[in-house]
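As structure tokens, the structure follows; a few thoughts come after it.
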Amino acid sequence: MCSLEYFRDFDLESMDITLKFRQQEYGDVNCVVWDAALVLAKYLETLYVKQYTFFVSKRVLELGAGLGCVGITAACFGGDVILTDLSQNLQQLQCNIDENKLHIKGNAKADALKWGNKLQAEPFDILLMADCIYYIEVIEDLVKTMVDSTTPETLILISQEIRDTDKQKTSWEMFTNTLIKYFTISYIPEDEQHPIYRSSDILLINAKKKCL
Ligand SMILES: C[S@@+](CC[C@H](N)C(=O)[O-])C[C@H]1O[C@@H](n2cnc3c(N)ncnc32)[C@H](O)[C@@H]1O
């Protein structure tokens with residue numbers, strides 16, 4: 001039983017479909033689809049439009065999936081996606097996968113993954129995460145999961161809204177400092193992002209694991 005309040009519609013014009021996400025009026029950070037997820041999901045659509053087979057049969061991991069906008073979008077484009085979050089948030093995530101299952105051309109599966117742990121032995125082709133950097137206590141653990149889940153061939157896309165709080169700025173600085181020990185990073189310029197779903201306060205990063 002999903003005790004959720006209202007829908008957020010999200011159009012994927014390239015497929016002529018509208019995804020629906022069940023949001024809650026009140027709750028924890030996973031109760032809505034965040035803007036950084038919309039920016040990343042729409043960036044995935046730009047990749048799909050450039051090459052319609054881009055996601056087909058790719059093994060995709062989403063970390064901190066929340067309501068699953070990013071991972072479900074990748075699954076609509078043909079990806080074989082595991083959407084992960086804390087175990088207490090999986091019911092809500094599963095509700096949203098079920099809500100959109102008619103549009104999913106690949107696979108979408110919800111699984112519990114607390115950062116610091118690893119999901120499976122085989123690394124992923126694509127790793128996605130949106131708006132996951134907001135408290136410093138988990139950053140080492142999050143980067144560990146990223147390292148353990150990827151190879152130098154993995155495409156890693158990270159979107160993050162930079163909010164005007166000291167906590168957020170410190171978290172972002174600590175995250176990028178930790179990240180660059182293991183990954184080379186580049187910022188995707190706004191003119192390469194979706195023409196509407198982009199914003200100067202949402203960063204989009206492409207990361208590659210270093211061969212250490
Ligand atoms: C701000 S929300 C972003 C949700 C979604 N990616 C979006 O942008 O709409 C951050 C997500 O990270 C998850 N999260 C926070 N700490 C976590 C941890 N230690 N391990 C796994 N997931 C975590 C939260 O449960 C939440 O769903």
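Both counts, for ligands and for their atoms, begin at 1 and track the order of listing.
Counting heavy atoms closer than 4.0 Å to ligand 1, residue C69 contributes nothing at all. Proximity of L113 to ligand 1, defined as any heavy-atom pair under 4.0 Å, is confined to the backbone N, CA, C and O atoms.
Nearest non-hydrogen protein atom to atom 2 (S) of ligand 1 is V29 O, 3.7 Å. For atom 16 (N) of ligand 1, the closest non-hydrogen atom of the protein is Y135 OH, 2.8 Å. In this structure, atom 9 (O) of ligand 1 lies nearest to the protein heavy atom W34 N, 3.0 Å. The protein non-hydrogen atom at the shortest distance from atom 14 (N) of ligand 1 is W115 CH2, 3.5 Å. The nearest protein atom to atom 26 (C) of ligand 1, hydrogens excluded, is given as D85 OD2, 3.6 Å; this is a heavy-atom distance. Of all protein heavy atoms, the one closest to atom 1 (C) of ligand 1 is D131 O, 3.1 Å.
The heavy atom nearest to atom 5 (C) of ligand 1, out of those in G64, A37, A41, is found in G64.
Near G66, with a cut-off below 4.0 Å to any heavy atom, the atoms of ligand 1 are 4 (C), 27 (O).
Looking at R59 and D125, a side-chain N of the basic residue comes within less than 4.0 Å of a carboxylate O on the acidic one, giving a salt bridge.
For K114, no nitrogen or oxygen atom sits less than 3.5 Å from a nitrogen or oxygen atom of ligand 1, counting backbone and side chain alike.
Between F175 and W172, the ring-plane angle classifies as tilted under the 30° and 60° cut-offs.
Figure legend: cation-pi geometry between K42 and F10, with NZ or CZ positioned under 6.0 Å from the six-membered ring centre and within 45° of its axis.
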